[in-house]
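Structure record follows, encoded as structure tokens.
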Number of protein chains: 2
Amino acid sequence: MEVIRNYFNQFLPLSDEEWKAFEQCLSKERIHKKEFLLKEGQVGDFIAFVAEGSMRFYVLREGEEKVIAFFFAGSFVSNYRSFLTNLPSDYYIEVLQDALIYRIRKNELVALYDQFPKIERLGRLIAENLYLMVAKRLDSFLYKTPKERYEELLAQNSRLPEEVPQYMIASYLGVKPETLSRIRARRD
Amino acid sequence: MEVIRNYFNQFLPLSDEEWKAFEQCLSKERIHKKEFLLKEGQVGDFIAFVAEGSMRFYVLREGEEKVIAFFFAGSFVSNYRSFLTNLPSDYYIEVLQDALIYRIRKNELVALYDQFPKIERLGRLIAENLYLMVAKRLDSFLYKTPKERYEELLAQNSRLPEEVPQYMIASYLGVKPETLSRIRARRD
DNA sequence: CTGATTTATTGACTTTCGTCAATGCACCCC
DNA sequence: GGGGTGCATTGACGAAAGTCAATAAATCAG
């Protein structure tokens with residue numbers, strides 16, 4: 001779990017005592033491809049660190065899957081909205097490649113917040129970071145063309161096309177698979 | 001400033017001592033229509049509570065103003081990205097109707113975080129809330145048509161058309177003024 | 001290996017939004 | 001009150017994405 005502690009160090013290093021308390025709340029789990037970490041209607045009362053594998057976040061609208069996000073090894077995955085509000089999830093979290101995760105439940109995390117102010121600060125820093133990520137994604141919809149969004153995405157994660165099918169990338173970009181195919185074809 | 005304390009009570013009530021410390025950091029300011037609370041290039045190292053008036057948040061892209069958000073009395077306004085990262089703002093915050101604000105600077109707020117864990121928790125809750133707002137707006141771009149976004153916006157704030165010109169609403173919705181005009185015209 | 005399924009590409013056509021331009025209206029300021 | 005400016009609407013046209021359908025390529029299962 002050293003990866004997780006390293007991840008935290010980016011934000012705020014925890015003392016050994018704080019880390020130990022946190023670590024004890026983590027549950028190690030393996031989930032296979034095509035299984036779901038969360039389904040629509042369930043309350044996503046957890047945050048999970050992805051140690052191996054990948055996942056996608058999507059919603060079903062009028063029979064169509066709309067991809068909201070991808071998650072890869074080295075980041076946290078959660079339906080943060082459902083986590084915060086305790087409302088049932090609108091989203092599915094589906095495992096794309098066999099995954100190893102470390103999961104912490106909300107009730108345990110809030111107990112840690114009460115006990116360790118520094119863990120609460122970490123929670124604030126992570127919430128702020130998530131805010132920045134979503135705000136950036138919103139920006140790309142507000143002033144970029146699908147082509148620019150595609151190039152931006154590749155610049156961030158150049159091996160994405162090998163890892164996820166193109167129709168999911170199209171959905172993530174907010175266009176139809178045919179359109180992404182044409183965007184890739186026309187070089188300009 | 002009782003309004004602000006009431007606003008906080010939605011999230012987490014502060015003790016008299018905590019509130020007093022917070023209140024002392026607030027600076028009361030009046031800003032007139034067409035003035036700017038923040039301009040591109042400046043670091044938005046503050047959060048301000050809007051007690052009266054309204055504002056808009058916009059960015060200049062290729063000579064065009066793109067409206068990101070509107071702010072009205074009873075909410076906080078800030079370039080939260082610039083606030084968090086200390087990077088210069090890409091955005092302008094322009095006063096649409098003469099405003100009265102209460103402003104707190106970042107350095108004072110982080111000092112309060114160190115002193116009062118409950119104020120830090122408030123910071124976390126507010127960051128989480130901002131996350132939910134941006135995530136919701138992203139959703140509306142991901143799976144809604146301009147017409148649906150317009151109706152959703154009106155449902156949330158029915159007196160918006162009287163308060164801000166239609167071309168700003170169009171920009172906020174991500175369409176041209178002509179398109180919004182046509183969306184309104186066609187009843188279906 | 002082979003047939004079946006899924007995914008990607010391409011074409012023809014439709015729909016939606018953008019662009020450019022003209023017009024009309026309201027508001028504001030002297 | 002008249003002139004000016006800014007804003008909303010409308011029309012004609014163009015550009016871009018969606019839809020539907022056919023086909024090709026890749027992947028998977030037995």
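Residue numbering restarts at 1 for every chain, and letters A, B, ... go by the order of the sequence lines.
Defined by atom type and a distance below 3.5 Å, a donor-acceptor pair is present between the side-chain atoms of A:Tyr150 and A:Arg184. Inspection of the B:Ser15 and B:Glu18 side chains reveals an N or O donor paired with an N or O acceptor under 3.5 Å. Under the 3.5 Å distance criterion, with hydrogens and angles disregarded, no donor-acceptor pair is assigned to the side chains of A:Tyr131 and B:Arg81.
In this structure, B:Glu148 atom CD and C:dC17 atom P are separated by 11 Å, rounded to whole Å. One interatomic measurement links the two molecules: NZ of B:Lys34 to P of C:dC28, which rounds to 10 Å at whole-angstrom precision. If you take CG of A:Leu173 and P of C:dA8, they are 13 Å apart, rounded to a whole angstrom. Taking atom CD1 on B:Ile169 and atom C1' on D:dT9, their separation rounds to 16 Å, with Å as the unit. If you take CZ of A:Arg184 and P of C:dT10, they are 10 Å apart, rounded to a whole angstrom.
Ring to ring, B:Tyr172 and B:Phe70 are close: their centroids are under 6.0 angstrom apart. Separation of the A:Tyr92 and A:Phe57 ring centroids does not fall under the 6.0 Å cut-off. The six-membered or imidazole ring of A:Phe11 lies away from that of A:Phe8, with a centre-to-centre distance of 6.0 Å or more.
No option in B:Arg105, B:Lys106, B:Arg103 other than B:Arg105 meets the salt bridge (Lys or Arg N to Asp or Glu O under 4.0 Å) test with B:Asp45.
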Check: What string of B, S and - do you get for nucleotides 17-30 of chain D, 5' to 3', when a contact is any protein heavy atom under 4.0 Å?
Finding: SSBB----------
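Among the nucleotides D:dT9, C:dA8, D:dC7, the one closest to any side-chain atom of B:Tyr167 is D:dC7.
Judged by distance alone, the side chain of A:Ser82 and the main-chain N or O of A:Val43 form no donor-acceptor pair under 3.5 Å.
In this structure, the helix from C:dC1-D:dG30 to C:dC30-D:dG1 shows an angle of 50° between the axis at its start and the axis at its end, each fitted on 5 base pairs and rounded to 10°.
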